[in-house]
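Just below is one structure, and these are the notes that go with it.
Computed from a predicted structure; not experimentally measured.
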Amino acid sequence: MREDSTPIREQQVREAMSELELYLSDSIAPLLAADSLALLTRCPPRLVAMQCESWTREQFQAHGGSVRISNLFFHAFKKIHVVAELGLIAKEQLEPFLESLRGLLVEACPEGERETLRQNLELVGASGGPVTRKVDLLFAGGDQQVVPGPVVRAAGTVESGPGTAPSSGTQPAVATGSGAAAASTVDASHQLRQFTILLERLSAQATAGIASTAATSDLQRQLIAAAVESATSEKDLREHLAQVSATSHQKLDVTAAIRELSLDLPDWALRGDSGTPQYQGATAAAIDKIVAFTDDAEEAAGRFWELISSAAEQINKGAVARAVTLLDLAEKLATGPKLDQRRLRASRRSAAGALDDDALRELAGRTEVRRDFRRILNFFPEWTPTGILDQLDGETQRSRRHLLLSLLEVHGEEARELCLDRLEESLANAAHDAWMWQRNLIHVLRRVPVPAHDAREFLALDQTSDLGQSPQLVRESVTALAATHDDAATPILVDRLQTLLAGRQSGTWAGDEGLKLRTELALALAQLNTDHSRGWLVSLALEQQAGLMNLDLLEPLAECDLTPNPDLVETLFETLRSLLPVKVLGVSLPASVATLRNRQGTVHIARSLAGTRNGAVAQRLEDLASEFAGSDLAGVASRTAEIIRRNLASPPASLPSDAAQRSLSDTAAARLPKPEAPTGTTPVKGAPPIAGEVVFEGDLDVFRLPDLLQSLSQLGIDGRLELLDARERRVARIGVREGRVVEAAAGRLKGPEAVYEILEAPFPGSFHFVRHSDWAAEAESFDVMGLMMEGMRRFDEYKRMSALVPDAAVLHVTGTKPTPLSTADSTIVRPIWQGVRSGRTARQIERSVPVDRFRVRSLLAHWVEEGALSVPQ
């Protein structure tokens, strides 16, 4: 077949990529995709590789994390090769393209699965968009077939180690027709073997009378997970749990198993921008399998209740991510046809009533968990924005009212829009005693930031800030107007201030109340921080009423930098000069009483310039201090000049505003100025404990490392994350450039393995993020989400391997010949086996081999499973 040499248009490529997506997802037949694939073979292979990566991510999520990344890549590769097998594209045209694509897919595959993928692709002999349609049947490499079935494990946990090579002579299989049901992602015999070993260990401990400890509790939970994973039906599950009950001498039914496993869920979650989970995890998959097994409506209702009541317990403990996982599983169960919806609603109400107010109040203040906390609140009808507003209306208890307001703030823009609707309704009804309700609604408007404010809001605040309203409502409205930072608020605030200055206010604002309000209005105009609002504030302050100015109104300008307003600065200096004493032949001219009183206000003018970052302004103030030495003005002018000089010596604060930080974990953050610190971290003050400019810091017990890495990836900033232990010693570092990892080190480990190591074994401590951008241009970078998926897979598996082979275990050689897990382990087999021979514990062997602990423990567990080693009971 002669190669086509006609030019390729961009639109043709787009259409071809779209058809490739459909073809990989089994939506169209090979014949319909052949022309598009022929065109794509004339494009750079990296283009198709990138599309395959995007498709793989979508499919991994659609399968709930139950398939291996390498299997998905293999499927894409095999599907493209099928076109050549069917003779739809000449092999001589396709093979060079696929040869290049093979290497690109292997490179993109998680490190622990690369060897498997490489070997499987070689068996095919040649190599091959975001779609959300879940592929039901996948080509799978070696003996790892992927077929429909319940999700039981996270991606990559279908075998005992990272990258098991296919059996010799085994060809890639295609799961087809009804026979596919016989193949499963889970090697049942492997899971059953793990279950048997763990059961024997628990039995030995029970026989020896070993007291219950954290370690034995971990062993029991891993045993329950293994019991679930090795079960193929509801009957199997109950029989396995009965064995665990008999061995542990504790009653353990299905609902109790859910509760036990919920305690083993990690308190973190890898989630996409929409908040949907991108990694399920082994424990969550085990709970999911328990839920999916039953067909009995009564039993399903009981499991639904167990999920949400367990979630309520976790919420009350502050374990937000763990609770979200449980509620996600409950929501999935609730969508099925098995359950009575009235009973579901009753269960939700009951679980919502079990939530502790103090726990909710504490979680509302934790901005780093806001997105997940919002997902929790939306699960319970009482805690949706509508439900909370219904509770708030008429609530008289102050502490309860404050809790409800803080929960509305968690809901963000959705709650804000509802509050504005209800405020308009209340104003339309003109109820005289509605000021408390209206004040609460305005509080939410003020606390929830939005990119822009519409005319409806200013119209409502104009009405509620009228001086004829309740003083509390007026003050809340003035504060809300200031928080808009919008010039549309200026005329409203100016009108209120002019009314007070002219003495046209009602009796409510006479005396001290009026003085307080005029100060608040001046502060609000300054906080708007616009040229218009600052100009009006200066104008009103300098306007004379009965010969007197209101210079105290200028004080709030001390928080503003007036450098962009040189005319305003000049007006202030001219006014100040005009009020100072004038001497003729060394004698001060007499001044009127009004002039003397205004002269006393010059200190307010001087103080109003404190926020202006301008050396010339500081110099003029220093000149005034020298000229009028000994006066009150001299002291104030001198101190103000010092503040300006000090501000000029330090750079402006680079951290985001409170509003931006509060919304960073929300999807609305994309519309705000890009922040430089993840929400929940603490800006560093004073000298940094490590070299470099420390931008932010935090506690690893509060801000979990997976959440932190996700935030850094989403922010796309450059720098180095320094991880310190409880004694402030640096134990690891991760460098990021534009949100991708370019450097990692943990002890002797470098690169991805260092990242895996610190994810596999979390430790208490703290972190600092140091600004750094001097990375080598050729430095290899890694996708954060890809590293984390592999790292958290290893975290899940490491817990199981540690139950099979405890840290302190001294293993015995049985005489059975050990086998490696994969060719990738060939370099570490000898030192690990020598460590076993020398009588070292499993933990000591891990420390002696320069790879991450997961690879060592996996190999030891593999040898225990195949009988080459035994663990003394």
Does the pair Glu260/Arg221 count as a salt bridge with the N-to-O cut at 4.0 Å?
yes
Tell me the closest heavy-atom pair linking Arg303 and Phe293, and the distance in Å.
NH1-CB, 4.2 Å
To check you understand the geometry: which heavy-atom pair defines the closest contact between Phe373 and Val320, and what is its length?
N-CG1, 3.8 Å
Does some side-chain heavy atom of Leu392 sit less than 4.5 Å from a side-chain heavy atom of Trp437?
yes
With the threshold set at 4.0 Å, does a side-chain nitrogen-carboxylate oxygen contact exist between Lys317 and Glu313?
no
Nearest heavy-atom approach of Leu705 to Leu759 is CD2-CD2, 4.1 Å
Please report the interatomic distance CG(Leu355) to CD1(Ile315), rounded to the nearest 0.5 Å.
5.0 Å
Give a yes or no on whether the backbone of Phe854 and the side-chain of Glu760 come within a donor-acceptor separation of less than 3.5 Å.
yes
Can you check whether Leu441's main-chain N or O pairs, donor with acceptor, with Arg422's side chain at less than 3.5 Å?
no
Judged by atom type as modelled, is there a donor-acceptor pair below 3.5 Å linking the side chain of Gln397 to the main-chain atoms of Ser399?
no
No-hydrogen, no-angle side-chain donor-acceptor test under 3.5 Å, Thr294 and Asp296
no
Quick one: closest heavy-atom pair of Ala286 and Val228, and the distance?
O-CG1, 3.3 Å
Salt-bridged, Glu229 to Arg800, with N to O below 4.0 Å?
yes
Sidechain N-carboxylate O distance under 4.0 Å for Arg446, Glu409:
no
Given the rule in the salt bridge (Lys or Arg N to Asp or Glu O under 4.0 Å) test, do Arg794 and Glu790 qualify, once you have shown the distances and angles that lead to the verdict?
CA-CA 6 Å; Arg794 295 184 180 207; Glu790 174 64 13; 2.8 Å; yes
Can you check whether Arg259's main-chain N or O pairs, donor with acceptor, with Ser262's side chain at less than 3.5 Å?
yes
For Ile308 and Ala330, which heavy atoms make the closest approach, and how far apart are they?
CG2-CB, 3.7 Å
Between Asn378 and Pro385, is there a side-chain heavy-atom distance shorter than 4.5 Å?
yes
If you round to the nearest 0.5 Å, how far is CZ of Arg374 from CZ of Arg371?
8.5 Å
For the side chain of Asp454 and the backbone of Glu457, is there at least one donor-acceptor N/O pair under 3.5 Å apart?
yes
For the pair His443 (side chain) and Leu405 (backbone), establish whether a donor and an acceptor sit closer than 3.5 Å, ignoring hydrogens and angles.
no
Does Lys79 reach the main-chain N or O of Leu20 with its side chain, forming a donor-acceptor pair under 3.5 Å?
no
Any salt bridge linking Asp288 with Lys332? Criterion: basic side-chain nitrogen under 4.0 Å from a carboxylate oxygen.
yes
In the structure I gave you, are the side-chain heavy atoms of Arg370 and Thr367 within less than 4.5 Å of one another anywhere?
yes
Taking the side chain as every heavy atom from C-beta outward, state whether Met788 and Val784 have any atom pair closer than 4.5 Å.
yes
Between Arg416 and Val448 (side chain of the first, backbone of the second, donor and acceptor by atom type, cut-off under 3.5 Å), is there such a pair?
yes
Should Trp55 and Ser25 be marked as a side chain to side chain donor-acceptor pair (under 3.5 Å) after you check the CA-CA gap, both sets of side-chain angles, and the distance that decides it?
CA-CA 9 Å; Trp55 176 86; Ser25 300; 3.0 Å; yes
Any donor-acceptor N/O pair, Asp236 side chain to Thr232 backbone, under 3.5 Å:
yes
Hey, does Val254 have a side-chain heavy atom less than 4.5 Å from the side chain of Leu241?
yes
Answer yes when Asp356 and Arg361 have at least one side-chain N-carboxylate O distance shorter than 4.0 Å, and no when they do not.
no
Exam field: side chain Ser245 to backbone Leu252, donor-acceptor pair closer than 3.5 Å
yes
Using the rule given for salt bridge (Lys or Arg N to Asp or Glu O under 4.0 Å), can you reason through Asp264 versus Arg322, listing the C-alpha separation, both sets of side-chain angles and the distance that settles it, and then say yes or no?
CA-CA 9 Å; Asp264 203 38; Arg322 194 175 292 155; over 6 Å; no
Could you tell me whether the side chain of Asp393 reaches within less than 4.5 Å of the side chain of Asn440, counting heavy atoms only?
no
Looking at every heavy atom in both Ala323 and Ile376, which two are closest together, and how far apart are they?
CB-CD1, 3.9 Å
Going by atom types alone, do Glu382 and Gln391 pair a side-chain donor with an acceptor below 3.5 Å?
no
In a check of side chain to side chain contact (heavy atoms under 4.5 Å, CB included) between His411 and each of Val444, Leu389, Ile388, which one passes?
Ile388
